[in-house]
Amino acid sequence: MATDYDDLRPEVKEAQEQSLEALQTAKAPTAMTAVLEVEESDEPDSSTPAGEFIAEELIVNVIPPQEDEFTCSSCFLVHHRSQIAREKDGLAYCTECEG
């Protein structure tokens, strides 16, 4: 007698049939219950400010580029002069951008 090795084992097939039956008998949510769930989740929590605007001032000290630094013309990051890969037309490019 030939054996079909691609066929599912009997215990696996039985488990699949049982889970399919359980899904079919389970109560499926209706469109109305989905709407109710969305409406309940729209209520703001008391722990989080809902749409509250907090005006904060950000203070940053800007330091101009030093003599041993340059700004890469490709990535616009400030690097040390030792990171210059090439200079062309007065523009410097870092080793990371030049690969």
Side-chain angles (χ1 to χ4, degrees):
M1 181 174 170
T3 304
D4 186 7
Y5 291 104
D6 292 331
D7 195 22
L8 290 175
R9 292 179 294 191
E11 61 271 5
V12 173
K13 189 180 284 188
E14 183 179 328
Q16 284 181 346
E17 289 173 1
Q18 288 176 351
S19 64
L20 179 61
E21 290 171 6
L23 286 174
Q24 289 173 341
T25 58
K27 183 180 175 186
T30 63
M32 191 60 188
T33 57
V35 169
L36 290 175
E37 289 175 5
V38 170
E39 288 176 355
E40 290 173 2
S41 66
D42 286 344
E43 295 175 9
D45 295 337
S46 60
S47 62
T48 59
E52 184 177 326
F53 180 73
I54 301 172
E56 291 185 17
E57 189 173 325
L58 182 62
I59 299 171
V60 178
N61 293 330
V62 178
I63 302 170
Q66 304 298 311
E67 290 181 15
D68 61 342
E69 295 177 335
F70 76 100
T71 303
C72 177
S73 297
S74 179
C75 65
F76 304 106
L77 295 176
V78 177
H79 296 280
H80 188 265
R81 280 250 184 256
S82 63
Q83 296 291 317
I84 293 178
R86 74 176 170 107
E87 290 186 72
K88 183 177 180 183
D89 299 328
L91 302 174
Y93 298 90
C94 69
T95 55
E96 293 177 15
C97 292
E98 291 299 307

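For reference, positions follow the sequence shown, starting with 1. Note that these values count all heavy atoms, side chains included, but never hydrogens, waters or copies made by symmetry.
Under a 4.5 Å side-chain heavy-atom criterion applied to ILVMFWY residues, the cluster that includes L91 comprises Y93 as well. With a 4.5 Å cut-off between side-chain heavy atoms of Ile, Leu, Val, Met, Phe, Trp and Tyr, the cluster of F76 takes in none.
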Atom pairs and distances, side-chain donor-acceptor, residues 55-71, under 3.5 Å, sequence neighbours left out:
unit_1	atom_1	unit_2	atom_2	d
Q66	NE2	P64	O	3.1
D68	OD2	H80	NE2	3.4
E69	OE1	Q66	N	3.1

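Residue pairs meeting the salt bridge (Lys or Arg N to Asp or Glu O under 4.0 Å) criterion with at least one partner in residues 70-98, sequence neighbours excluded, are R86-E98.
S73 meets the side-chain hydrogen bond (donor to acceptor under 3.5 Å, both in side chains) test with no other residue; sequence neighbours excluded.
The minimum heavy-atom distance between C94 and A85, with the atom names listed, is O-CB, 3.6 Å.
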